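I have placed the structure first, in the form of structure tokens, so that the comments after it can refer back to it.
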Amino acid sequence: MSVKLRKQHLTVLPQNLPKNRTFNLLSIGQRGVGKTVFLVGSYTELQTENSKKQPHKLWFECQDNQVKENVDKILKYIDQTDQYPPPTMKVVNFSFNLKRQSFWGEKTVCHFRWNDIPGEICDVHNSDFRELVFNSHGCCVFIDAYALRHSDAYIQVLENIFEQVMALTSLVYLNGLNYPLAIVLTKYDLLESNATTQKVIKNKLEPLIAHLNTVKARYEIFHSSIPLVRENNTVTLKPKGTAIAFLWLVWELNKIHSSSAENQLLGLIHRIIPGDANARSKNPNGVMQSLFDSNRKPSTQSDRRSSVREKMGSKLWWFLGIGIVGIALLSLLGYQRSTSQIRTGEALYDVEALQQAGKLDKAIASLEQLVQNNPDNIDLRLRLAEQYELTGNAAGAEKTYDQILARQNNNLKALVRKAVLRQIQKDSQGAAQLFEQAEEAAPDALKPQIRTLAKKTLNSSQENQKLKGAKTTELKSD
Ligand SMILES: Nc1nc2c(ncn2[C@@H]2O[C@H](COP(=O)(O)OP(=O)(O)OP(=O)(O)O)[C@@H](O)[C@H]2O)c(=O)[nH]1
Ligand SMILES: [Mg+2]
């Protein structure tokens, strides 16, 4: 959808959100990607738009004095130093109300809770970050467009972000949740606008997009340009089309959480965890968190918080497991891969260059050739399978894992990855068998992780089955 079209859509929106709805939005992005600039830029942009005489105006209002101080502090810093804000040192709360001016007066569309976080917190191993993930309703994934275009080293950073997004969206997919993701390409004003730029960026994002499409993620890609501009002797942020990403998230959350959709979602949750669905609809925790709410109706705010925390000890970790254990495991196995990559030397170096240039088809073709020339090189095959997965070719990946297992029937990575692929194909029995084999093959230190991963993956599949069964029965009885 073009920016213009999106804007048209978004200005007639959103008005039918349940009263006092609070959305927790999550940021994923490394240090210096532009999270703070984006946040303050979006705020500034809507304030500026609001000052123009427009129908259907939308703007952010700080929820309390502390938030206002946080925003003002950044704007003042820019004003006084003529520079972008400094790096974020601790989590800063930006809780906004999204306001709307209509013919009938001023209305609050919804409340946002947005934490501006220092880049290094964005790590699945960080417990604060995990908590933010599980309290969130939607997410902005920040990618540095300038680095993406010009820096080969950025591919490493990107891999890290891809892993996080993949874990998150796989969880969303496996559990049938609605969770919008705005992919924000920052620093777009620094790029030359030409076909080569578009092509390089498109190619480098291809693995991520292929994955998002495979797991049917609800996402949109946005370009964010927030240059610092000097006008009349003052320097200010001049955002162009930046707030659209925010507004799109609201639009999507509105669709998901507007009364009919919300009832549908709560109905599903109700069947998973029987309890007081009304109490859930009022609480401000995220889609994922709502799955773990207490059955007991909370009486006070602190009571409610502690009951959620109690549950986090059990059900949240039950759910969390697939992503975290999966990532921990894959990074562990990934480490094994990278040491052997060094051994495979020159040839792989070329493949990596192709990958970095975003020429994924060529990278795959080279890997296929390498595999053909070195049929017993397991690492090459693993790498090929991984590339197939990244580009959404599940059949190719499975076939390659089969070839690996034919040569090395206890290859842990092939067993685990194939098990997950089987489960995604709804073959729980096949997945269970492979997990069993993986557990047997794993060194002692890894066995518990494999067991947990297997349990989470297979359980989540059973829950989805139950859910579908319940839905079919309900439709029949209707
Ligand atoms: N030209 C331009 N530069 C940008 C833009 N956004 C961010 N930058 C540059 O990127 C730097 C880092 O931006 P921040 O918003 O502070 O990055 P962050 O993600 O909040 O980083 P941490 O707080 O360290 O995690 C800024 O100081 C700017 O130099 C943009 O839209 N255009
Ligand atoms: Mg910051």
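All figures in this text were calculated on a predicted structure; none of them were measured in a lab.
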Please answer whether the main-chain N or O of L185 pairs with a side-chain N or O of H223 as donor and acceptor at a distance below 3.5 Å. no

Should K418 and D402 count as an ion pair when the cut-off is N to O under 4.0 Å? yes

Considering only heavy atoms from C-beta outward, does the side chain of R407 approach that of P375 to under 4.5 Å? yes

What pair of heavy atoms forms the shortest contact from L382 to A414, and how long is it? CD2-N, 4.2 Å

Nearest heavy-atom neighbours spanning K35 and G119: NZ-CA, 3.6 Å

Under 3.5 Å donor-acceptor, Q63 side chain and F96 backbone: yes

Would you call I117 and T88 a side-chain contact if the rule is heavy atoms closer than 4.5 Å? no

Check against side-chain contact (heavy atoms from CB on, under 4.5 Å), Q164 and F129: CA-CA 11 Å; Q164 290 180 38; F129 182 67; 3.7 Å; yes

Determine, stepwise, if the pair S136 / Y179 fulfils side-chain contact (heavy atoms from CB on, under 4.5 Å). CA-CA 9 Å; S136 63; Y179 188 94; 2.6 Å; yes

Would you mind reporting whether F435 and R422 have side-chain heavy atoms less than 4.5 Å apart? no

Consider salt bridge (charged side-chain N to carboxylate O under 4.0 Å, His left out). Of E436, E440, E439, which one does R451 pass it with? E439

Might you work through the side-chain contact (heavy atoms from CB on, under 4.5 Å) test for L25 and C140, ending with a clear yes or no? CA-CA 7 Å; L25 298 181; C140 266; over 6 Å; no

Take atom CD of E120 as the centre, draw a 6.0 Å sphere, and report whether it contains more than 12 heavy atoms from other residues, nucleotides or ligands. yes

Tell me if a side-chain donor or acceptor on R113 pairs with a main-chain N or O of N93 at a distance below 3.5 Å. no

Which heavy atom of N411 sits nearest a heavy atom of L405, and at what distance? O-CD2, 4.0 Å

Rounded to the nearest 0.5 angstrom, the SG-CG distance for C139 and L132 is 10.5 Å

Would you name the heavy atoms of A441 and L415 that are closest together and state the gap between them? CB-CD1, 4.3 Å

Closest approach of V33 to D144 (non-hydrogen atoms, all atoms of both residues): CG2-N, 3.5 Å

Do the non-hydrogen side-chain atoms of V37 and T186 ever get within less than 4.5 Å of each other? no

Of all heavy-atom pairs linking S27 and N115, the shortest is OG-O, 4.0 Å

For the CD atom of Q369 and the NZ atom of K362, what is their distance to the nearest 0.5 Å? 14.5 Å

Name the orientation class of the two ring planes belonging to F38 and F246 (parallel below 30°, tilted from 30 to 60°, perpendicular beyond 60°). parallel

Looking at F60 versus F94, is the centre-to-centre ring distance below 6.0 Å? no

Could you tell me if the side chain of L98 sits less than 4.5 Å from the side chain of F23, heavy atoms only? no

Rounding to 0.5 Å, atoms CD (E368) and CZ (R381) come to a distance of 11.0 Å

Interatomic distance, N377 atom CG to L370 atom CG [nearest 0.5 angstrom]: 8.5 Å

Enter the distance from L249:CG to H137:NE2 here, rounded to the nearest 0.5 Å. 12.0 Å

Quick check on side chain to side chain contact (heavy atoms under 4.5 Å, CB included): which of K204, Q30, R149 does Y154 satisfy it with? Q30

I'd like to check R417 versus Y401 (side-chain heavy atoms, cut-off strictly below 4.5 Å). Are they in contact? yes

Gap between atom CD of E389 and atom CG of L384 - 0.5 Å precision: 11.0 Å

Check whether any side-chain heavy atom of I364 lies under 4.5 Å from a side-chain heavy atom of N393, and answer yes or no. no

Answer yes or no: is there a side-chain heavy-atom contact under 4.5 Å between L208 and I143? yes

Chi angles and distances behind the side-chain contact (heavy atoms from CB on, under 4.5 Å) call for T400, V371: CA-CA 10 Å; T400 312; V371 165; over 6 Å; no

Cut-off 3.5 Å, side chains only: do Y219 and E252 have a donor facing an acceptor? no

Around D361, counting heavy atoms of other residues, nucleotides and ligands shown, do more than 12 lie under 6.0 Å from its CG? no

